[in-house]
Amino acid sequence: MKNHLIVAAAAALLGACTVACNGKKDKNPFLEEYDTPYQIPPFAEIEYSHYLPALDAGIEQKKAEIQAIIDNPEEPTFENTIMPLERSGEILDKVASVFFALDESNSSDEMVKIAEVFYPRFSEFSDEMTMNDALFERIRKVYDNRETAGLDPDQIRAVENYYKQFTRNGALLDAEKKEQLKEVNTELTNLYLTFNKNLLNATNAFEIVVDDSLRLAGLPESSIAQAAEEAATRGYEGKWVFTLHAPSRLPLLQYADDRDLREQMYKGYTSLASDGEYNNLPVISKILQARARKAQLLGFENFGAYMTDNVMAKTTENAENLLLQIWEPAVNRVHEEVAEMQAVANEEGIGITIEPWDYYYYAEKVRRKKYDLDEAEVRQYFSVDSVRNGIFSMAERLYGVKFTEMPDAPKYYDEVTVYDVTDAATGEHIAVFMTDYFPRPSKRQGAWMSEFKGSWENEDGTSSRPIIYNIGNFSRPTADAPALLTIDEVETMFHEFGHGLHGMLSKARLKSQAGTNVDRDFVELPSQIHEHWALEPELLRTYAKHWQTGEVIPDALIEKLEASSTHNQGFMTAELAGAALLDLQYGKLNPEGDVDVAEFEKQVAENLGMPRELTFRYRSPYFKHIFGSDGYASGYYTYLWAEVLDTDGFELFKEKGIFDPETARKFKENILEKGGSEDPMVLYVNFRGHEPSVDALLRHRGLEPVKKVNLSSKSGK
């Protein structure tokens with residue numbers, strides 16, 4: 001009842017409406033109950049003019065809810081302090097989830113302008129809340145009494161997480177240092193905005209225009225068709241345009257016989273946002289300085305120490321220790337791969353030395369020679385619809401869930417598809433799932449999962465179910481063929497769907513612990529373990545069908561895929577581990593002045609012994625994971641950290657059967673349903689029976705096992 005009154009007060013604050021430019025009163029959908037299936041946001045009703053008023057109303061609502069907690073005369077308890085905090089901020093959650101999603105996936109000039117106000121205002125309120133002395137004092141009292149208050153384990157963990165969240169955001173600082181921290185956080189928010197805007201603009205500004213069809217030799221017909229369509233869109237009729245988006249960039253690097261074209265693409269990508277109008281190098285320098293100041297204010301040696309303190313790794317040294325055990329065998333394999341490529345080039349008699357822009361191209365030639373495998377042929381069996389059938393079939397066989405399309409459901413873009421996720425046995429609603437798979441100028445690069453609504457247990461014991469979405473930038477359909485995915489895109493689709501399952505199947509009682517609200521270096525386990533099913537023969541034979549004939553993928557082709565599964569893993573592992581190590585080195589910096597980012601990156605590569613034929617997976621100016629937000633800063637290592645878990649865990653499925661009901665039940669109940677309600681290593685051991693080592697990862701990638709690393713949550717303490 002109290003929450004209802006606060007919502008009403010927030011609505012009254014705005015007159016329950018905003019005034020549109022035509023002078024008419026315009027109801028703000030964020031301030032009302034959504035009249036849609038399963039509370040899906042009513043995207044068609046949301047206008048640009050709604051975001052900032054709803055943000056203000058959401059902030060006022062949450063301020064009132066926090067004040068009510070503070071004003072409670074009763075002794076602080078879990079029920080009168082933590083639970084009201086858990087249930088607070090309904091309006092803020094609604095508007096922020098939609099704005100964050102559309103700003104990343106369907107941006108516009110108007111969204112950019114709103115973002116310049118929205119993010120700083122949101123950040124400033126977050127600081128205000130976590131630095132509220134009276135609220136923190138109540139949380140501290142609950143924290144001090146947590147072991148004697150008769151709380152359940154998930155409740156104790158929630159109290160500890162809130163306490164750490166507040167202390168990590170300055171709750172223990174004096175007034176002067178709190179103001180300094182607020183200034184730093186605002187500065188970082190604005191720097192992240194600039195970094196992301198530069199990256200999007202630089203990506204969209206780059207193009208390679210080809211006007212001679214002979215230069216397209218070697219490229220798949222689908223890539224040529226996409227380039228022709230892109231050219232037409234950009235006003236280059238009769239020509240071909242290639243962009244830095246992965247479905248355009250990667251096929252050109254992998255198949256184009258024109259070496260100059262490959263070099264132009266490689267250099268365009270690796271110099272992205274490095275100079276000119278959209279130069280991110282000075283932005284990164286300012287980010288590094290601001291992060292160092294933040295870490296010092298909070299009592300940490302450096303920003304890396306701050307970011308790893310509250311996750312499984314505990315220290316940057318533990319993360320680096322793992323990476324270096326992977327780095328050395330990966331580099332050894334790179335040298336072997338380059339030697340194989342050079343041999344192929346020598347046989348061609350063209351007198352070249354393998355350069356970075358040759359790596360994808362000659363890796364593909366080596367694969368064809370060693371395994372008689374042509375990825376262009378393989379793609380014919382992986383239309384996006386077939387792969388979608390594969391991920392849904394996997395989920396139903398493992399976890400008993402069914403996906404039914406909702407053609408009339410609200411969507412924020414016409415290419416989005418919406419599904420009702422239900423229990424296959426009972427028909428009970430479990431979640432809403434949305435997919436948005438193709439690139440466009442308004443969408444940032446990459447693939448990701450998030451939510452428009454989380455899940456939690458209501459006061460009456462019922463469950464509020466989530467609305468989850470997957471975003472991709474996969475190869476588009478052409479006029480003559482559907483979207484045909486590369487092997488990498490297939491695995492990415494399974495990966496993001498794994499994140500989706502983590503959100504959809506959550507049964508954690510508390511919103512703050514549901515789904516992907518887990519330690520950052522644990523969050524990739526559900527996503528990465530589900531990649532393993534993508535190319536498993538038992539599942540492949542059910543979904544990989546030729547887009548023209550409907551023929552199931554032949555056993556001979558499956559055998560080639562299995563035989564070549566570790567092909568080029570030196571390159572793939574080294575560029576990933578290298579980027580993660582670069583990230584950790586940035587976290588160790590405490591610069592007081594400008595940082596020569598290009599020189600620093602070069603020095604890290606030299607110290608690592610980076611093979612000259614490759615570079616980091618992401619160069620610094622477009623390393624959005626670590627400079628587009630705090631999200632993966634000093635945390636890009638988590639992909640390999642989690643791979644230690646996922647490869648070890650999947651070995652149990654291989655031993656018992658990839659669709660073994662008991663193994664699937666243990667994974668669902670201990671990992672997917674639990675969210676962050678227990679210590680992640682405890683959850684993993686409950687599923688697997690033991691703690692993992694690095695050996696399974698190296699076996700999976702076909703690299704030589706080395707000394708074991710203990711990933712216990714106690715490490716580093």
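Every heavy atom of this structure was used, including side-chain atoms; hydrogens, water molecules and symmetry mates were not. For clarity, every value in this text was computed on a predicted model and none was experimentally measured.
Remark: Thr615 OG1 to Met610 CE distance equals 5.5 Å, nearest 0.5 Å. Here the straight-line distance linking atom CG of Leu398 with atom CG of Asp660 works out to 10.0 Å at 0.5 Å rounding. We find the CG-CD distance between Leu683 and Glu669 to be 12.0 Å, quoted to the nearest 0.5 Å. Here Ser107 contributes atom OG and Leu102 contributes atom CG; the two are 9.0 Å apart, rounded to the nearest 0.5 Å. For the atom pair Glu451 CD and Thr516 OG1, the distance stands at 6.0 Å (nearest 0.5 Å). Here the OH atom belonging to Tyr362 is positioned 5.5 Å from the CD1 atom belonging to Ile354, to the nearest 0.5 angstrom.
Applying the side chain to side chain contact (heavy atoms under 4.5 Å, CB included) test between Leu200 and each of Asn196, Asn204, Thr203 identifies Asn204 as the sole match. The side chain to side chain contact (heavy atoms under 4.5 Å, CB included) with Tyr437 is formed by just one residue from the set Glu496, Arg388, Arg476; it is Arg388. For the pairing with His625, the ring-ring contact (aromatic ring centres under 6.0 Å, His included) check across Trp448, Tyr632, Phe616 returns one residue only, Tyr632. Partner Glu104 forms a salt bridge (Lys or Arg N to Asp or Glu O under 4.0 Å) with one of Arg440, Lys443, Lys624 and no other, that one being Lys624.
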- Might you work through the side chain to side chain contact (heavy atoms under 4.5 Å, CB included) test for Glu340 and His567, ending with a clear yes or no? CA-CA 11 Å; Glu340 290 180 319; His567 173 67; 5.7 Å; no

- Decide yes or no on side chain to side chain contact (heavy atoms under 4.5 Å, CB included) for Met312 and Arg520, but give the supporting numbers first. CA-CA 8 Å; Met312 292 178 74; Arg520 184 179 51 173; over 6 Å; no

- Using the side chain to side chain contact (heavy atoms under 4.5 Å, CB included) rule, take Leu244 and Met265 through it: C-alpha gap first, then chi angles, then the decisive distance, then the call. CA-CA 8 Å; Leu244 293 178; Met265 177 62 79; 3.7 Å; yes

- side chain to side chain contact (heavy atoms under 4.5 Å, CB included) assessment of Lys294 paired with Asn185: CA-CA 8 Å; Lys294 179 172 182 174; Asn185 286 340; 3.1 Å; yes

- Item | Residues Arg367, Glu364; criterion salt bridge (Lys or Arg N to Asp or Glu O under 4.0 Å); working and verdict | CA-CA 5 Å; Arg367 174 159 53 187; Glu364 180 63 20; 2.7 Å; yes

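At a cut-off of 3.5 Å, with distance as the only test, no side-chain donor of Tyr469 or Ser105 sits close to an acceptor on the other residue. Residues Arg379 and Ser475 have side chains that bring a donor and an acceptor to within less than 3.5 angstrom of each other. Residues His700 and Glu651 have side chains that never bring a donor and an acceptor to within less than 3.5 angstrom of each other. Residues Glu375 and Gln254 bring a donor and an acceptor atom of their side chains to less than 3.5 Å of each other. Checked by atom type, the side-chain pair Asn607/Gln603 shows a donor-acceptor distance below 3.5 Å. At a cut-off of 3.5 Å, with distance as the only test, a side-chain donor of Glu524 or Ser527 sits close to an acceptor on the other residue. Between the side chains of Ser442 and Asn106, at least one donor-acceptor pair of N or O atoms lies under 3.5 Å. With no hydrogens or angles considered, no side-chain donor-acceptor pair links Glu601 and Gln585 at under 3.5 Å.
Met341 has its side chain within reach of Asn568: a pair of non-hydrogen atoms, C-beta onward, lies under 4.5 Å apart. Taking the side chain as every heavy atom from C-beta outward, Arg291 and Leu589 never approach each other to under 4.5 Å. By the 4.5 Å heavy-atom criterion applied to side chains, Arg699 and Thr647 are not counted as neighbours. Two residues are said to be in side-chain contact when any heavy atoms from C-beta on lie closer than 4.5 Å; Lys588 and Glu320 meet this criterion. With contacts defined as side-chain heavy-atom distances shorter than 4.5 Å, the pair Leu576/Tyr636 qualifies. At least one side-chain heavy atom of Phe600 sits under 4.5 Å from a side-chain heavy atom of Val604. Side-chain atoms of Lys286 and Pro591, non-hydrogen and from C-beta on, never get closer than 4.5 Å to each other. Using a 4.5 Å heavy-atom cutoff, the side chains of Ser620 and Tyr586 are in contact.
Using bins of under 30°, 30° to 60° and over 60° for the plane-to-plane angle, the ring pair Tyr622/Tyr269 lands in the tilted bin. Ring pair Phe497/Phe403 is tilted by interplanar angle, where 30° to 60° counts as tilted. Using bins of under 30°, 30° to 60° and over 60° for the plane-to-plane angle, the ring pair Phe627/Phe195 lands in the tilted bin. Below 30°, between 30° and 60°, or above 60°: for Phe382 and Tyr543 the angle between ring planes is between 30° and 60°, a tilted geometry. Ring orientation note: the planes of Phe687 and Phe667 are nearly perpendicular, at an angle over 60° on the 30°/60° scale. Aromatic ring pairs are classed by plane angle as parallel below 30°, tilted from 30° to 60° and perpendicular above 60°; the pair Phe303 and Tyr306 is tilted.
Checking side-chain atoms of Asn590 against main-chain N and O of Glu301 turns up a donor-acceptor pair under 3.5 Å. Checking side-chain atoms of Arg688 against main-chain N and O of Asp648 turns up a donor-acceptor pair under 3.5 Å. Checked by atom type and distance alone, the side chain of Trp533 pairs as donor or acceptor with a backbone atom of Ile658 at under 3.5 Å. With hydrogens and angles disregarded, no donor-acceptor distance shorter than 3.5 Å links the side chain of Arg444 to the backbone of Leu199. At distances below 3.5 Å, not a single donor-acceptor pair connects side-chain atoms of Ser123 with backbone N or O atoms of Tyr119. The backbone N or O of Leu645 sits less than 3.5 Å from a side-chain atom of Tyr684, completing a donor-acceptor pair. Between the side chain of Glu337 and the main chain of Gly570, a donor-acceptor pair closer than 3.5 Å is present. At least one donor-acceptor pair under 3.5 Å links the side chain of Ser248 to the backbone N or O of Thr243. Ser274 contributes a side-chain N or O that, together with a main-chain N or O of Leu272, makes up a donor-acceptor pair within less than 3.5 Å. Remark: side-chain polar atoms of Lys674 are not paired, donor with acceptor, to backbone N or O of Pro680 under 3.5 angstrom.
Looking at Glu355 and Arg612, a side-chain N of the basic residue comes within less than 4.0 Å of a carboxylate O on the acidic one, giving a salt bridge.
Heavy atoms only, all atoms of each residue included: Phe206 and Gly268 are closest at CE1-CA, 3.6 Å. Here the closest non-hydrogen pair linking Phe474 and Pro439 is O-CD, 3.0 Å. The minimum heavy-atom distance linking Asn310 with Asp519 is given by the pair O-OD1, 3.8 Å.
Side-chain rings of Phe653 and His532 stay apart, their centers remaining 6.0 Å or farther from each other.
Residues passing the ring pair (Phe, Tyr, Trp, His ring centres under 6.0 Å) test with Phe522, sequence neighbours excluded: none.
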